[in-house]
J.: 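Before we start, here is the structure in question, set down as structure tokens.
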Amino acid sequence: MPRYLEHRRTCREAPLPPCQKVYVASISLCQDTPSEEHCSCKRSLYGLFLQYGRILDVVPLKIEKLPEVKHGLYSVNLLLREEGTNNPQEKRKKQEEKAEKKRNAKEVQQSGAADGAFQGKPEPEDAVTTLNNILFIQNLPHETTSMMLQILFQQYPSFREVRMINAKPSITFVEFEDDVQSSIAMQSLQGFKITPHNPMAISYAKK
DNA sequence: AGCACA
């Protein structure tokens, strides 16, 4: 039995915690025929939403008003994770991050650097600042699939395709039709976490 | 950290 189904079964059998919130998200998706239990989109949605809480179900939606869209729209129903329900590892990491922020703030003060310290120094004309209709994504967790990335990026207009690199699973390229659209997608998804430990780092691809 | 495909 696939892991995402195991997870769902556990959810059904386990007594529910005092009800938090039920979150419903609808997302337009892939072309796969959703043969009930194994559709790659469904699996990807489980993968993407697991971090937010206890997934009750991923339900294909029927859209009568859009007869040409037979499938590809799902709602994800889940109980949002309560604050502080995260595992101890995460807690520790958060504490470390806080401590580091403090340290950094001190260093800045001591060196006398103000907010405008870098004003006047022109940014180097490198890949980070050069617009491109292709985005370069880094820091992806191993379990990332191109379907997951497609779900994330195709919600922005003029999405073209995701190209993963087999040899380097933690990076990928996402193409849009122009650099205006790619920039919007970049801003919106910058730092998006597929797992709590992997905020994605998005920059423009090198020309 | 890292930049592939055409």
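These values consider heavy atoms only, across backbone and side chains, with no hydrogens, waters or symmetry-generated copies. Order of the sequence lines sets the chain letters (A, B, ...), proteins ahead of strands, with each chain counted from 1.
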J.: Whole-Å distance between B/dG2 P and A/Q138 CD?
T.: 7 Å

J.: Rounded to the Å, how far apart are A/R163 CZ and B/dA4 P?
T.: 11 Å

J.: Measure CZ/A/R160 against C1'/B/dC5 and give the value in whole Å, please.
T.: 13 Å

J.: Using a heavy-atom cut-off of 4.0 Å across all strands, would you classify A/T172 as base, sugar-phosphate, or nothing?
T.: nothing

J.: Strictly by side-chain hydrogen bond (donor to acceptor under 3.5 Å, both in side chains), give each pair with a member in residues 131-149 of chain A just once, sequence neighbours left out.
T.: none

J.: Looking at A/L135 and A/A185, what are the two nearest heavy atoms and their distance?
T.: CD1-CB, 4.4 Å

J.: Answer yes if A/I184 and A/V162 sit in the same cluster of Ile, Leu, Val, Met, Phe, Trp and Tyr residues linked by side chain heavy atoms under 4.5 Å apart, and no otherwise.
T.: yes

J.: Specify the separation, in whole Å, of atom NZ of A/K206 and atom P of B/dC3.
T.: 5 Å

J.: Hey, which sits more toward the 5' end of DNA chain B by its nearest nucleotide, A/P169 or A/E161?
T.: A/P169

J.: Distance only, no hydrogens: is a donor on one side chain within 3.5 Å (strictly under) of an acceptor on the other, for A/N198 and A/T195?
T.: yes

J.: Looking at A/P141 and A/I194, what are the two nearest heavy atoms and their distance?
T.: CG-CG2, 3.8 Å

J.: Under the criterion of centre distance below 5.5 Å and interplanar angle below 30°, is A/F173 classified as stacked on the base of B/dC3?
T.: no

J.: Measure from the side-chain heavy atoms of A/S170 and tell me the nearest of B/dC3, B/dA4, B/dG2.
T.: B/dG2

J.: Can you tell me how far C1' of B/dC3 sits from CD1 of A/I137, to the nearest Å?
T.: 12 Å

J.: Once you round it to whole Å, what is the distance between P of B/dA4 and CG of A/L149?
T.: 18 Å

J.: Indicate if A/F49 and A/M147 have the same hydrophobic cluster label, given that clusters are the connected sets of ILVMFWY residues with side-chain heavy-atom separations under 4.5 angstrom.
T.: yes

J.: Whole angstrom is fine here: how far is it from CD1 in A/I171 over to P in B/dA1?
T.: 13 Å

J.: Taking both distances under 3.5 Å as the test for a Watson-Crick or G-U pair, what stems of at least three pairs does DNA chain B have?
T.: none

J.: Send over the distance from A/N132 CG to B/dA6 P, rounded to a whole Å.
T.: 17 Å

J.: Please confirm whether the ring centroid of A/Y204 lies under 6.0 Å from the ring centroid of A/F136.
T.: no

